[in-house]
Structure formats: structure tokens, C-alpha cells
Amino acid sequence: MKLTLLRHGITEGNRSQLCYGSTDLPLLEEGIAALKAAVQTMDYPTAVHYYTSGMCRTEQTFALLYGDTPHEVLSGLRELDFGRFEMIPFADLKDDPDYRRWADDSTGQEVCPGGESFGQVYARAIADLTPVLERGEDAVCVMHGGAIATLMGIWFPGQGGFFDFMPQPGFGWQITFEDGKPVEKIRMPLAKEDI
């Protein structure tokens, strides 16, 4: 089966480099325009099943990419809850000792004060994805960059760091699973001329 994980389009949080995840931001007009342009030049994969995290930015992205295609919400696919750091510019946090402890943790187990760890993000995401993977039918998930990078880092250890797996808004990864195990990955979507 092929599982495609796509990141939502551009929000104010992206543009202003805010530490955000649980805040339910909509797409910016530039995010909407970028996705409309991408649909013209890129080949977004189709599937048997479609999912979003249910947050505004993923629902808007899904509608722009797939129209009124039926889909389900898997809330476990939402972004990390940054707790006390939520909606603060990354630049303003660089000297905060709690932020440094969290940001410098290579295990993914350090919890944002009042929020989550990336280990917790993985646990809830994989809990929602396990039935999808067990079904064995192609699926597309419109979700969040940090959650995608977390899953990819665990599925493909030693093949890149967190930021290597972080897709740009509107982009993502397609993972081939065999016998329930991830065996291959490619960036998505592909340019139409490459198909």
C-alpha cells in the first residue's frame, strides 16, 4: 500500500515563524493561491481513503487539493501542542532555558511546558494510522509538518534528521508499506511533466 502524508498550506504561523501547533489557524490568501497554483503543475496522488487532522488549515488544504472528495478526520494527526511556547516567534524563544531544553533534546521525549513531546505526537499519530495501515489500501493524509517529520524519522531511522523530513507547505511524502512495514519513500507531489 501507499500512504501519502501531505502538509497543509501556508498560515500566518508559517509566515511569521511562530512556534504553533494546537492553534487552529486558517490558510493565508497566499497559501490558498500557492495551493491553487500547485494543483495546476503538480500531480497530487489519489487513493482509496482520505484523511485530515480536522484542523482548519488541513480541511482548507484538502478542499483545494481534492475538492469535495469524502474524507475522515483522524485527530491524532494534528500538530504538536507547544504549550507555553504556542504562538511565540521562535526567535523570541531562543534564550528561554525551557525552550532550549526542549529544542536540544535529541530523543523527542522532552515535553514542552504545558504541551507535548514529539514522542507523544508519534504515539497518537500511529494509534490513528494503525487501522489505516492494517486496511492495506492506499491512503492520503493532509496533516502537519512536525507530525510528518516525526513519523518519517521513526520509520526511516538514519536516513535524515527531523528537518530533512519536514516538507514545505503543500508537499509531503509517499511511503510504500509491505507487510505493514515502511520500505520506500518518495517526495510528493510529483511535477506533472515527471509522470
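Contact check for Arg15 versus Glu30: side-chain heavy atoms found under the 4.5 Å cut-off. In this structure, the side chains of Cys112 and Asp81 stay at 4.5 Å or more apart for every pair of heavy atoms. A heavy-atom distance below 4.5 Å is found between the side chains of Ile32 and Glu29. With a 4.5 Å cut-off on side-chain heavy atoms, Thr150 and Leu80 do not count as touching. When side chains are defined from C-beta on, Tyr44 does not count as touching Thr4, because their heavy atoms never get closer than 4.5 Å. Looking at Leu64 and Val39, their side chains never come closer than 4.5 Å, going by heavy atoms from C-beta outward.
Smallest separation of non-hydrogen atoms from Ala47 and Asp138: CB-O, 3.4 Å. When every heavy atom of Asp98 is checked against every heavy atom of Arg84, the shortest pair comes out as OD2-NH2, 2.9 Å. The minimum heavy-atom distance linking Leu129 with Leu151 is given by the pair CD1-CD1, 3.8 Å. Between Gln174 and Met188, the shortest heavy-atom contact is CB-CG, 3.5 Å. In terms of heavy-atom proximity, Pro113 sits nearest to Phe85 at CD-CZ, 3.3 Å. Heavy-atom minimum distance, Met143 versus Thr58: O-CG2, 3.6 Å.
Hydrophobic cluster membership differs between Met87 and Tyr99, with clusters built from Ile, Leu, Val, Met, Phe, Trp and Tyr side chains linked at under 4.5 angstrom. Linking ILVMFWY residues whenever their side-chain heavy atoms come closer than 4.5 Å, directly or via other members, leaves Ile186 and Met1 in distinct clusters. The hydrophobic clustering, which links ILVMFWY residues whose side-chain heavy atoms are closer than 4.5 Å, places Leu27 and Leu18 apart. No continuous path of hydrophobic side-chain contacts links Val73 to Leu77 [ILVMFWY only; heavy atoms under 4.5 Å]. Following chains of ILVMFWY side-chain contacts shorter than 4.5 Å, one cannot reach Val111 starting from Ile126, and the two form parts of different hydrophobic clusters.
Interatomic distance, Arg100 CZ to Asp95 CG, rounded to the nearest 0.5 Å: 8.0 Å. Distance CD1/Ile88 to OH/Tyr20: 15.5 Å, rounded to 0.5 Å. Taken to the nearest 0.5 Å, the CD atom of Gln60 stands 11.5 Å off from the OG1 atom of Thr52. With rounding to the nearest 0.5 Å, the separation of CD1 in Ile10 from CG in Leu25 is 13.5 Å. Atoms CZ and OG, on Phe90 and Ser16 in that order, are 11.5 Å from each other to the nearest 0.5 Å. Between Ile148 atom CD1 and Leu5 atom CG the span is 5.5 Å, to the nearest 0.5 Å.
For the salt bridge (charged side-chain N to carboxylate O under 4.0 Å, His left out) test, no residue two or more places apart in sequence or in another chain qualifies with Glu137.
Annotation: Glu178, atom CD; neighbour count of heavy atoms from other residues, nucleotides and ligands within 6.0 Å does not exceed 12.
Of the possible donor and acceptor atoms, one in the side chain of Glu86 sits under 3.5 Å from a partner among the backbone N and O of Gly21. In terms of modelled atom types and a separation under 3.5 Å, the side chain of Asn14 and the main chain of Thr11 share a donor-acceptor contact.
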Pairs under 3.5 angstrom only: tabulate donor-acceptor contacts from the side chains of residues 158-173 to other protein residues two or more places apart or in another chain.
residue: Gln159; atom: OE1; partner: Lys185; partner atom: NZ; Å: 2.7
residue: Asp164; atom: OD2; partner: Gly161; partner atom: N; Å: 2.6
residue: Trp173; atom: NE1; partner: Phe165; partner atom: O; Å: 3.0

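Contacts classified as side chain to side chain donor-acceptor pair (under 3.5 Å) and involving residues 63-79 (residues at least two apart or in different chains) are given here: Glu59-His71.
In this structure, Tyr122 has its ring center at least 6.0 angstrom away from the ring center of Trp155.
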